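Owing to the predicted nature of the structure, the values given are computational and were not obtained by experimental measurement.
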Amino acid sequence: MFSRPDAAAPATGLERLTHQRIVEVLEAQGFTYLLDDDGDICGRWGEHVFYFFLLGRDSEYLQVRGRWAREVGPSEIDALTAEANTWNLDKLWPKVYVRAEGSEVGVYSEHTVDYEHGVSDGQLQLHLACGISTALQFFAHLDELYPDAVAASRGAAAAGGPAAGA
């Protein structure tokens with residue numbers, strides 16, 4: 001069995017992953033973000049919301065999680081799941097999945113990287129960009145399949161309705 005090194009000081013000379021480092025990379029790229037009520041970093045790319053989570057016992061995992069900003073009914077869960085499965089078979093990133101959320105279906109993307117041994121600023125920038133850009137590709141694919149959901153979402157956003165804050 002492999003032993004786990006001390007997580008307090010990466011032996012590679014790479015810096016430890018922190019919320020502050022994520023913020024610094026986002027700011028250096030000119031991205032707008034905010035901290036939610038739980039202190040999680042989030043922002044919008046296109047119309048879609050993305051979160052940047054530190055996970056794991058020592059916060060050694062970076063996860064970029066996006067949510068498709070469209071509302072579709074539960075009748076679409078099988079079709080969306082089939083699209084997600086095809087994507088996951090054909091693409092390396094991101095992992096995508098579908099789940100029922102009351103009267104609608106949520107579609108999510110996740111790009112998770114293990115930084116147990118530390119991370120350079122360049123690697124962090126690359127993985128944030130990868131997590132966002134590949135998710136946007138999948139979301140654009142879904143937008144092509146669901147133009148009515150796109151129109152409804154944009155109409156609600158223009159009117160200041162519920163989808164505007166989604």
Side-chain angles (χ1 to χ4, degrees), residues 17 19 21-56 61-115 119 121-166:
L17 178 65
H19 271 105
R21 292 198 57 216
I22 295 169
V23 164
E24 289 169 1
V25 168
L26 293 173
E27 288 177 349
Q29 296 298 307
F31 293 133
T32 302
Y33 67 91
L34 59 91
L35 299 178
D36 72 6
D37 293 339
D38 295 325
D40 295 319
I41 304 165
C42 61
R44 286 187 185 272
W45 277 261
E47 299 164 84
H48 311 284
V49 175
F50 286 82
Y51 277 85
F52 307 94
F53 295 116
L54 296 180
L55 305 172
Y61 298 105
L62 167 67
Q63 184 177 86
V64 179
R65 184 183 304 164
R67 187 182 192 285
W68 186 48
R70 311 296 179 221
E71 293 184 16
V72 294
S75 64
E76 295 301 313
I77 197 164
D78 290 340
L80 286 166
T81 299
E83 289 300 322
N85 287 343
T86 298
W87 179 274
N88 289 332
L89 285 170
D90 293 341
K91 308 285 190 218
L92 291 175
W93 305 292
K95 173 184 81 173
V96 295
Y97 60 94
V98 176
R99 69 179 184 202
E101 297 177 336
S103 64
E104 64 182 70
V105 176
V107 180
Y108 294 86
S109 67
E110 290 181 357
H111 179 65
T112 306
V113 184
D114 180 353
Y115 290 130
V119 60
D121 289 342
Q123 289 171 314
L124 186 53
Q125 179 183 345
L126 176 68
H127 288 135
L128 291 175
C130 178
I132 295 166
S133 65
T134 57
L136 291 176
Q137 290 171 17
F138 180 67
F139 295 159
H141 170 69
L142 293 182
D143 282 355
E144 290 174 8
L145 298 175
Y146 292 91
D148 292 343
V150 174
S153 174
R154 290 180 179 161

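Rounding to the nearest 0.5 angstrom, the gap separating the CH2 atom in Trp93 from the NE2 atom in His111 is 6.5 Å. Distance CG/Leu128 to CD/Gln123: 11.5 Å, rounded to 0.5 Å. To the nearest 0.5 Å, atoms CG (Leu124) and OH (Tyr115) are separated by 5.5 Å. Here the NE2 atom belonging to His19 is positioned 9.5 Å from the CG atom belonging to Leu62, to the nearest 0.5 angstrom.
His141 meets the side chain to side chain donor-acceptor pair (under 3.5 Å) test with Glu83; sequence neighbours excluded. Residues forming a side-chain contact (heavy atoms from CB on, under 4.5 Å) with Thr81 (at least two apart in sequence, or on another chain): Ile77, Asn85, Val98. Applying the side chain to side chain donor-acceptor pair (under 3.5 Å) criterion to Thr112, with sequence neighbours excluded, gives Gln63. Scored by the side-chain contact (heavy atoms from CB on, under 4.5 Å) test, Leu126 finds no partners at all (sequence neighbours excluded). For Asp114, there are no salt bridge (charged side-chain N to carboxylate O under 4.0 Å, His left out) partners two or more places apart in sequence or in a different chain. Asp38 meets the side-chain contact (heavy atoms from CB on, under 4.5 Å) test with Asp36, Asp40; sequence neighbours excluded. In this view, Ala79 and Glu76, Tyr146 satisfy the side-chain contact (heavy atoms from CB on, under 4.5 Å) rule, not counting sequence neighbours. Shown here are the side chain to side chain donor-acceptor pair (under 3.5 Å) partners of Asp121, two or more places apart in sequence or in another chain: Arg21.
Ring orientation note: the planes of Trp45 and Phe52 are nearly perpendicular, at an angle over 60° on the 30°/60° scale.
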Derivation and outcome, side chain to side chain contact (heavy atoms under 4.5 Å, CB included), residues Leu17 and Ile22: CA-CA 8 Å; Leu17 178 65; Ile22 295 169; 4.2 Å; yes
Step-by-step side chain to side chain contact (heavy atoms under 4.5 Å, CB included) determination, Arg65 to Phe53: CA-CA 8 Å; Arg65 184 183 304 164; Phe53 295 116; 3.6 Å; yes
Verify side chain to side chain contact (heavy atoms under 4.5 Å, CB included) between Val113 and Tyr61, making sure each step is shown before the conclusion. CA-CA 6 Å; Val113 184; Tyr61 298 105; over 6 Å; no
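For the salt bridge (Lys or Arg N to Asp or Glu O under 4.0 Å) condition, the pairs that include at least one residue of residues 133-143, sequence neighbours left out, are Arg70-Asp143. The salt bridge (Lys or Arg N to Asp or Glu O under 4.0 Å) contacts involving residues 90-101 comprise Arg67-Glu101, Lys95-Glu110, Arg99-Glu101, where partners must be two or more places apart or lie in separate chains. Each ring-ring contact (aromatic ring centres under 6.0 Å, His included) pair with one or both residues in residues 70-92, not counting sequence neighbours, appears once here: Trp87-Phe138.
When side chains are defined from C-beta on, Tyr108 does not count as touching Val96, because their heavy atoms never get closer than 4.5 Å.
With hydrogens and angles disregarded, no donor-acceptor distance shorter than 3.5 Å links the side chain of Ser153 to the backbone of Ala149. Put simply, the side chain of His48 gets close to the backbone of Ala69: a donor and an acceptor are under 3.5 Å apart.
Summarising the geometry of Phe139 relative to Ser109, their closest heavy-atom pair is CZ-OG, 3.8 Å, with the distance given to 0.1 Å.
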Under 3.5 Å, which donor-acceptor pairs do the side chains of residues 23-35 form with other protein atoms, sequence neighbours left out?
residue	atom	partner	partner atom	Å
Glu24	OE2	Gln20	NE2	3.3
Glu27	OE2	Tyr33	OH	2.5

